[in-house]
There are 2 protein chains.
Amino acid sequence: MSIQAVADKAGVSIATVSRVFNAPDKVLPATRALVESVARELGYLPSASARTLRTQRSRVLGVVLPTLLNPTFAECLQGLAQAAAEAGHAIVPLTTGYDLDAEQRAVDQLLAREVEGMVLVISNPQTSAALARLQARQRPYVLAYNRHPAHCCVAVDNEAASAEAVAHLAALGHRRIAMVSGTLAQSDRSQQRHRGFLAGMDAAGLDAPPLIEVPFVEVAVDALRERLAAPGRPTALFCSNDLLAIRAVRAAHLAGLRVPQDLSVMGFDGIALGDELTPRLGTIEQPAADIGRRAAQLLMAALDEQRAPVPADSLLLPHRLRTGESCAPPPDMRADEPTQPTTTKSRRRPAR
Amino acid sequence: MSIQAVADKAGVSIATVSRVFNAPDKVLPATRALVESVARELGYLPSASARTLRTQRSRVLGVVLPTLLNPTFAECLQGLAQAAAEAGHAIVPLTTGYDLDAEQRAVDQLLAREVEGMVLVISNPQTSAALARLQARQRPYVLAYNRHPAHCCVAVDNEAASAEAVAHLAALGHRRIAMVSGTLAQSDRSQQRHRGFLAGMDAAGLDAPPLIEVPFVEVAVDALRERLAAPGRPTALFCSNDLLAIRAVRAAHLAGLRVPQDLSVMGFDGIALGDELTPRLGTIEQPAADIGRRAAQLLMAALDEQRAPVPADSLLLPHRLRTGESCAPPPDMRADEPTQPTTTKSRRRPAR
DNA sequence: CTGTTAGCGCTTTCAG
DNA sequence: CTGAAAGCGCTAACAG
């Protein structure tokens, strides 16, 4: 089913058929109607590859994500896909599993597919070989979730958000607040969140215990359970993401601790599911769908202007503290100090 | 960066460059090495659109899914994407939000993108206009999750699986088991699962109470809470999917019922998260990633043989009952039949 | 307003 | 083993 067939059957030239699809007002209404009906009859659809070859515009966006198994990225992709579809663009998503080689391969594959630009969530913009590849090729791109002054990024302020989370826990009266994270080196987000944690602890006048680093999610529950059984356990856990927080809640239960009565757990991401759990998960909500949507829009806007997005185009999206039900005052304060004891001196300094 | 540039720089014809990439053994090793080095130096990548136009093979698969917000589909897409990538195919996913018009638009968009074939999860194969469109166009496709004798499908036996779930609950001693589902008309899966529920109830010699149909997930919790507060409430709930089951657990807590002591909750899908919750969600596991993977492989295999997948190619994948912790004997039996061990100190929740 | 024509970059006979 | 040449289907000047 080619443009030629339509032209023949309608008794016009292929140029006219092309115009009917690309510049309808340049065609006499009568001719247009004729061509349109013939096209519909034949079920004609313009060939995307021919069009791409001729115009050098594929109207395809590449997307590189760590995984779809984390709902925050799935939601992001959904927002991104919607924005792209609305603007007549298709997307080709690739997942990397947080693997640096995979990131690079993904970029190469996308490059070979002639995507016009890419939205990527990478491990670390600072050191990314994939990004270097992209820049060498001069392909427009926007980073999502990542945040770095040298690139165009759409993200929340991880550091400020984490500090807020800590402030919230401190305001509840917690003094022994520990942070739980995946491998720090694995992502700039983790690092930023950890810095925010430290800043928040400092602002609250608290000593930050060593980071609880969980190399693989599979071992998270066991590692945490152990830590929670040890003496001088924290009364609150700030987790680098909601998936980890959910595991922390589980670890607490396995250790015989109730959440939030014995242990408060705070997450990060704000996955929709967290709000349906019991207890509802306290977390920092980031607008995942918006991150995807805005990143796509930013990219497409730049593409339309024949330019690449620049760092100055970066967007800092608002986050929000979701209180949830998994955070409450620590055990030793529940008797006499129900609310907001920020300035109170603790009577018992924990070891460590 | 075109093939011509490489040919010029290497001092050979474009045909030779093409052969180096498509039939390396038809080129003298020396020439090949030369061309390869030049190509690498120039960062040459063959143009996908030109290739597609010439060969009439895009090596792109279209994917139509209800939503990525349900982890089962996200996981499916991940498996599918991986299989496609391994075979050198890209995927273009589109979501429909369970909307029939959107399904049709998605198929049209994909058709216009010249995908070689599609994997789709649709509302109902029986009545799908989108499918009709596809067949008219003779584009190969495979259905995933759906199950219908007239189409090539990759799915589990929803009916048998649901009956098993009911049998499990009945074996625990439950007699008042109710099923919770989204709008039945919305998907063939719901209908099959409901049939399985009825069959299971029948096999257990139990009367099936009316289906609890929840039109929108947003109202699920309220609707369920109400139902659980009414007299003659069920002692076990079989939910059409895990997302619904998680809400059922929440509704139970809000109604002052403990899960599983006062109410058993069983889901369907086996999303990974369910196994991390407290209580761990009892459910029917279906191999989501495999469904995606096998569907993609099936489709690509057919494509390679220049044919469309047929109903006889359909795959019935195994499901598995995941016991979890959210199911236990009903309250009135707990005196003589001890509950399953929950390691946590279960505490009565306040009614709200 | 409509038609003619020249490629976009590549694969693939067909010669040599 | 290598090259010349013919399009794949379409868009965008350019003529008329």
- Query: Can you find a side-chain donor-acceptor pair between Glu114(A) and Ser47(B) that sits under 3.5 Å?
  - Reply: yes
- Rounded off to whole Å, could you give me the CD1-to-P distance for the Ile3(B) and dG9(C) pair? 11 Å
- Closest nucleotide of DNA chain D for Pro29(B) versus for Arg19(A): which of these residues is on the 5' side? Pro29(B)
- Item | Protein-nucleotide distance (Asp8(A), atom CG; dG9(D), atom P), rounded to Å | 12 Å
- Would you indicate what Thr55(B) reaches in the nucleic acid, counting non-hydrogen atoms under 4.0 angstrom: base, sugar-phosphate, or nothing? sugar-phosphate
- Item | Residues Tyr145(A) and Thr72(A): side-chain donor-acceptor under 3.5 angstrom | yes
- Query: Taking only N and O in the side chain of Gln56(A), is any of them less than 4.0 Å away from OP1 or OP2 of dG9(C)?
  - Reply: yes
- Task: Answer yes or no: does a side-chain N or O of Ser13(A) lie under 4.0 Å from OP1 or OP2 of dG3(C)?
- Result: yes
- Message: Using the side-chain heavy atoms of Val12(A), tell me which of these nucleotides is nearest: dG9(C), dG3(C), dC10(D).
- Response: dG3(C)
- Under 3.5 Å, is there a donor-acceptor pair linking the side chains of Gln192(A) and Arg147(A)? no
- Item | Among dC10(D), dC10(C), dC8(C), the one nearest Ala50(B) by side-chain distance | dC10(C)
- Item | Spacing between Leu53(A) atom CG and dC8(C) atom C1', to the nearest angstrom | 4 Å
- Query: Given atom CZ of Arg57(A) and atom P of dA12(D), what is their separation to the nearest angstrom?
  - Reply: 11 Å
- Message: Under a plain distance cut-off of 3.5 Å, with no hydrogens placed, do Asn22(A) and Arg51(A) share a side-chain donor-acceptor pair?
- Response: yes
- Any side-chain N or O of Thr16(A) less than 4.0 Å from the OP1 or OP2 oxygen of dG3(C)? yes
- Query: How close or far is atom P of dC8(D) from atom CD of Glu114(B), stated in whole angstroms?
  - Reply: 14 Å
- Classify the nucleic acid contact of Val17(B) as base, sugar-phosphate or nothing, counting any heavy atom under 4.0 Å across all strands shown. nothing
- N/O (side chain, Thr31(B)) to phosphate O (OP1/OP2, dT2(D)) under 4.0 Å: yes
- Item | Whole-Å distance separating the CD atom of Gln4(B) from the P atom of dA5(D) | 13 Å
- Message: Nearest heavy atom decides the nucleotide; on that basis, is Asp25(A) or Ile14(A) closer to the 5' end of DNA chain C?
- Response: Asp25(A)
- Please give, in whole Å, the distance from dA12(D) C1' to Arg51(A) CZ? 13 Å
- What integer distance in Å separates Leu34(A):CG from dC1(C):P? 16 Å
- Message: Is any side-chain heavy atom of Leu143(A) closer than 4.5 Å to one of Leu131(A)?
- Response: yes
- Query: Looking for any heavy atom pair under 4.0 Å, which part of the strands does Tyr44(B) touch: base, sugar-phosphate only, or nothing?
  - Reply: sugar-phosphate
